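Note that the structure is a prediction, hence the values are computed from the model and not measured.
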2 protein chains.
Amino acid sequence: MIKCTKCQLADSVMRAGFVRGRQRYQCKACNFHFTDEKPLAVPERKRRQTTISDVAKALGVAPSTVSRALNGHSDISATTRQAIIEVARQLDYHPNLLAQSLKSSETYTIGVVIPDIERPFFATAISGIQQVAAEAGYRVMICQSKESYATEVSNVQALIASRVDGLLICHSRETENFDHVKPQACRGVPVIHFDRVSNEVDSAKVILDDWNGAFQVTEHLIEQGARRIAILAGPESLLISRNRLAGYLSAIQKYKLPILDELRAHIDFRTESAVAALDAWLALPNPPDAIFAINYVNAFDLLIALKARHIRVPEEVAVVGFGDEFMASMIEPGLTTVNLHPYRIGQQAARLFLEQIQQKEQFQPRTFVITGDLVVRQSSLKGKGPASFFKLNI
Amino acid sequence: MIKCTKCQLADSVMRAGFVRGRQRYQCKACNFHFTDEKPLAVPERKRRQTTISDVAKALGVAPSTVSRALNGHSDISATTRQAIIEVARQLDYHPNLLAQSLKSSETYTIGVVIPDIERPFFATAISGIQQVAAEAGYRVMICQSKESYATEVSNVQALIASRVDGLLICHSRETENFDHVKPQACRGVPVIHFDRVSNEVDSAKVILDDWNGAFQVTEHLIEQGARRIAILAGPESLLISRNRLAGYLSAIQKYKLPILDELRAHIDFRTESAVAALDAWLALPNPPDAIFAINYVNAFDLLIALKARHIRVPEEVAVVGFGDEFMASMIEPGLTTVNLHPYRIGQQAARLFLEQIQQKEQFQPRTFVITGDLVVRQSSLKGKGPASFFKLNI
DNA sequence: AGCGTTTCCGGTAACGTTGCCGATAGTTTT
DNA sequence: AAAACTATCGGCAACGTTACCGGAAACGCT
């Protein structure tokens, strides 16, 4: 006979359904429901790390006392504190950051969204972010959008859901809608943009001066004696493409050279497109004597294609790129480029985040502009201008 | 006159010290302590995200009911569930992953420790890790040791403290003590090693077959007609250095070529050291006709130094490297290397982690060996062997 | 001694979520 | 119609931590 677990009576107990795999009973006397088999009492105790309560129990003090001792709080005697610290050490206690974060709603984690970590520019930028973040005690969680808008959105949402303290983002090429990084979508989490930014969002930004960099390389080519400078630009819709084109045009205008439309190509950055543009230029009655590729990979494409066509660089055609990766110094001839300082960009983005965290509501979003440096190598040295006396970066 | 906040009497109240910046009183009647100024009642309500209780209150149901509805639990009616889902959507509710993690002690986060994210090998490996992790719903937290043992240890501890579900690590060069990745130090968190592993720890590992790769390139050089093959190895203490040397020696022995000690150099991977070793070889009465650099950066160093010395590659000296980065195809001449498949290594490490999570105690640590593929380019094509008919990877 | 003060520790609640179980109304079976 | 059952929902507790405050003993001063 089944006895009620509450009033211990057996007569008044009757069955009351079968629920969650167990027979259920109801005591008519005390009106109490219960199931027969008592819980299996967690046969296999889940492997737990030492908690503050374990330390407290070991010493016979309250958990809050242990917390105070370990956090250097004042309301505690020196002897008690020493004892607690010692026991905590013995038990190998480490605070549970999850619980701390839940309590304080600070995770000390920064979320970073980039298009592709395999591209040296972003890898270096992340390194810069991490250096600054680590010094301030922040961890970094990295997501790649792989240039997909949908992935970017889901990355941002996942990071926000993880309650990161801030979000550093460089948008994918596909991204045209920026609702997912707006304040209401990010629920007050500070968002810092770098490299590819959006003017739709009122946030702190770190951008590079595309106009200036393009102006520098173009001016350098002109100083080297180039007069018919072609530009291998990207899609006209892309902001970086427009800015670099503008810098190029400004330099041309400054030196009162003619602007030749047949020497401007907008491509999609694929190698085949770059080579096709090159061949079109070479077929002109008056081929260019210099080419500015606004993308360093396409600059490599050009160098290789030119070599295959037995056209000497820089004597017949000078070539300059944009973005000074390790490879630019490795290829033969060395590629003249603009060093975009990705490490600094990352550092600066992280610093802006720290600033925003510190100043809270007082923080005024501002845009930080990183200016690239011209790095002259052989690919542009036609030797007719003063730049040939620059120290070479081989 | 001050009244006791409990019994409302004023006569029995007397001052009882000054604590935490506020005057304190004690009621003699009811023996109750209190301070005068009541707490400022959080003047600025901390910006909170919508919680499950907010949704519950909006509908007049219990929080647990909301939880059940949102998690697709069964004990709920379809109408209630729909209403809850709708309100949750309206209030823009997103579950707090911190609270979920605290409750479930699962963070769905993998910690990754690598020496340097800027090195293409690791950037690609991380990409592989992330792809597999993301598909399984895991996030990735990345730390760089920058080849420092101390940094590595602190990274590991920080990740463990963050309660990551698993740890994927490639040790720094400095690391000789592996206590920080042993089970007791990691408190049961699964640890997977990749690339640079330790045999001291009984963990799942993904390694690349250094011996086989070295054997392949050396055999290739021999087939190309090389007979005096030098090896530019790393420090003798380094495992990869020893393994690649062994593969090299095995190939030499297989073809019954003499092992020449003067053609073996152990360097510290710096460019100057590589060039010094090269010059020493060139000064020999019988210089080598091929060089195997066990590190791709040093292979580049050699190509550049040889070019500066007007020594033709591969005619006079063939050069092969190890690790097929993007640059190997860009440099002139293209560098023959072994593709180590870093992406696969990352994928495999992540898969081993998932396996271990799934199988729990039943998981048997195993070592996964990734075999590299020979990638032939111009730098090794002396044209005397069958390999010259290989399809070139330009 | 009497009163006010300081020191130090314990208890409670809350962060947000979910598992477990009890309660209740309505429905079906005997 | 009583007994047995089902479908739903509410409440409690716990994950680990810490802020806040009350209690009590020790201390200091007149």
Student: How long is the straight-line distance from CD of B/Gln356 back to CD of B/Gln364, given to the nearest 0.5 Å?
Tutor: 10.5 Å
Student: Between D/dC12, D/dG22, D/dT17, which one does the side chain of B/Ser64 approach most closely?
Tutor: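 For the B/Ser64 side chain, the nearest candidate turns out to be D/dC12.
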Student: Ignoring the backbone of B/His33, work out which of C/dT17, C/dT5, D/dG22 is nearest its side chain.
Tutor: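 From the listed options, D/dG22 comes nearest.
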Student: Starting at the 5' end of DNA chain C, which residue's closest nucleotide do you reach first, B/Asn96 or A/Gln26?
Tutor: B/Asn96
Student: Which nucleotide wins on minimum distance to the side chain of B/Ala62, given the candidates C/dT18, D/dG16, D/dG10?
Tutor: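 It is D/dG10.
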Student: Starting at CD1 of A/Ile76, measure out to CZ of A/Arg68 and round the result to the nearest 0.5 Å.
Tutor: 6.0 Å
Student: Which part of the nucleic acid, if any, lies within contact of A/Ser101, taking any heavy atom under 4.0 Å across all strands shown: a base, the sugar-phosphate backbone alone, or nothing?
Tutor: nothing
Student: Whether the B/Gln82 and B/Glu86 side chains hold a donor-acceptor pair (N or O, under 3.5 Å, no angle test) is what I'd like checked.
Tutor: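 Note: B/Gln82 and B/Glu86 side chains miss the donor-acceptor criterion.
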Student: Which parts of residues 69-77 of chain A get close to DNA chain C, meaning a heavy atom less than 4.0 angstrom away?
Tutor: A/Asp75, A/Ile76, A/Ser77
Student: Grab the OH-C1' distance between B/Tyr25 and D/dC21 for me, whole Å please.
Tutor: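 In whole Å, D/dC21 C1' and B/Tyr25 OH are 17 Å from each other.
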Student: Using a heavy-atom distance cut-off of less than 4.0 Å, which residues of residues 154-163 of chain B contact DNA chain D?
Tutor: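 The stretch gives none, as no residue of it lies under 4.0 Å from the strand.
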Student: Using a 4.0 Å heavy-atom cut-off, write out nucleotides 25-30 of chain C from 5' to 3' as B (base contacted by protein), S (sugar-phosphate only) or - (no contact).
Tutor: ------
Student: Nearest nucleotide by nearest heavy atom, which residue falls closer to the 5' end of DNA chain D, B/Val66 or A/Ser53?
Tutor: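 Going by which nucleotide is closer to the 5' end, it is B/Val66.
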Student: When you get a sec, tell me which of C/dG22, D/dA24, C/dG10 is the closest nucleotide to the side chain of A/Phe34?
Tutor: C/dG22
Student: Check side chain to side chain contact (heavy atoms under 4.5 Å, CB included) between B/Arg163 and all other residues, then give those that pass, not counting sequence neighbours.
Tutor: A/Gln49, A/Asn96, A/Leu98, B/Thr107
Student: List for me each residue that meets ring pair (Phe, Tyr, Trp, His ring centres under 6.0 Å) alongside A/Tyr149, sequence neighbours excluded, and say none if there are none.
Tutor: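 Partners of A/Tyr149 under the ring pair (Phe, Tyr, Trp, His ring centres under 6.0 Å) test: A/His180.
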Student: Which residue lies toward the 5' end of DNA chain C, A/Leu102 or B/Arg68, if each is placed at its nearest nucleotide?
Tutor: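 Result: A/Leu102.
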Student: Rounding to 10°, can you tell me the angle the first-five-pair axis of the helix from C/dA1-D/dT30 to C/dT30-D/dA1 makes with its last-five-pair axis?
Tutor: 50°
Student: Check side chain to side chain contact (heavy atoms under 4.5 Å, CB included) between A/Ala83 and all other residues, then give those that pass, not counting sequence neighbours.
Tutor: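 Result, side chain to side chain contact (heavy atoms under 4.5 Å, CB included) vs A/Ala83: A/Leu59.
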Student: Considering residues at least two apart in sequence or located in another chain, which fulfil the side-chain hydrogen bond (donor to acceptor under 3.5 Å, both in side chains) criterion with A/Glu355?
Tutor: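 side-chain hydrogen bond (donor to acceptor under 3.5 Å, both in side chains) check on A/Glu355 returns A/Arg366.
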Student: Could you tell me whether the phosphate oxygens of D/dG16, OP1 or OP2, come under 4.0 Å of any side-chain nitrogen or oxygen in A/Thr51?
Tutor: no
Student: Between C/dG10, C/dG22, C/dT17, spot the one nearest the side chain of A/Arg24, thanks.
Tutor: C/dG22
Student: I want to check one thing: is the phosphate of D/dG10, taken as OP1 and OP2, less than 4.0 Å away from some side-chain N or O of B/Thr65?
Tutor: yes
Student: Show me the protein contacts with nucleotides 28-30 of chain D, counting only N or O atoms at under 3.5 Å.
Tutor:
none

Student: What's the closest nucleotide to the B/Pro63 side chain, out of C/dC15, C/dT18, D/dG23?
Tutor: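 In terms of side-chain proximity for B/Pro63, the closest of C/dC15, C/dT18, D/dG23 is C/dT18.
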Student: Scan A/Tyr93 against the nucleic acid and name what it touches under 4.0 Å (heavy atoms): base, sugar-phosphate only, or nothing.
Tutor: sugar-phosphate
Student: Can you tell which of C/dT17, D/dT17, C/dT5 lies closest to the side chain of A/Ile52?
Tutor: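 In terms of side-chain proximity for A/Ile52, the closest of C/dT17, D/dT17, C/dT5 is D/dT17.
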Student: Check ring pair (Phe, Tyr, Trp, His ring centres under 6.0 Å) between B/Tyr138 and all other residues, then give those that pass, not counting sequence neighbours.
Tutor: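 Once residues adjacent in sequence are excluded, the partners of B/Tyr138 under the ring pair (Phe, Tyr, Trp, His ring centres under 6.0 Å) criterion are B/Tyr108, B/Phe353.
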Student: Atom CD in B/Gln26, atom CZ in B/Phe32: separation rounded to 0.5 Å?
Tutor: 10.5 Å
Student: OP1 or OP2 of C/dT18 versus the side-chain N and O atoms of B/Gln100: is any pair under 4.0 Å?
Tutor: yes
Student: B/Ala161: which residues meet the side chain to side chain contact (heavy atoms under 4.5 Å, CB included) condition with it, sequence neighbours left out?
Tutor: A/Leu97
Student: Are OP1 or OP2 of C/dC9 and a side-chain N or O of A/Thr80 less than 4.0 angstrom apart?
Tutor: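 Answer yes for this pair, as a side-chain N or O of A/Thr80 is under 4.0 Å from OP1 or OP2.
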Student: Who pairs with B/Thr51 by side chain to side chain contact (heavy atoms under 4.5 Å, CB included), at least two apart in sequence or on another chain?
Tutor: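 With neighbours one apart ignored, the set is B/Arg48, B/Ser53, B/Asp54.
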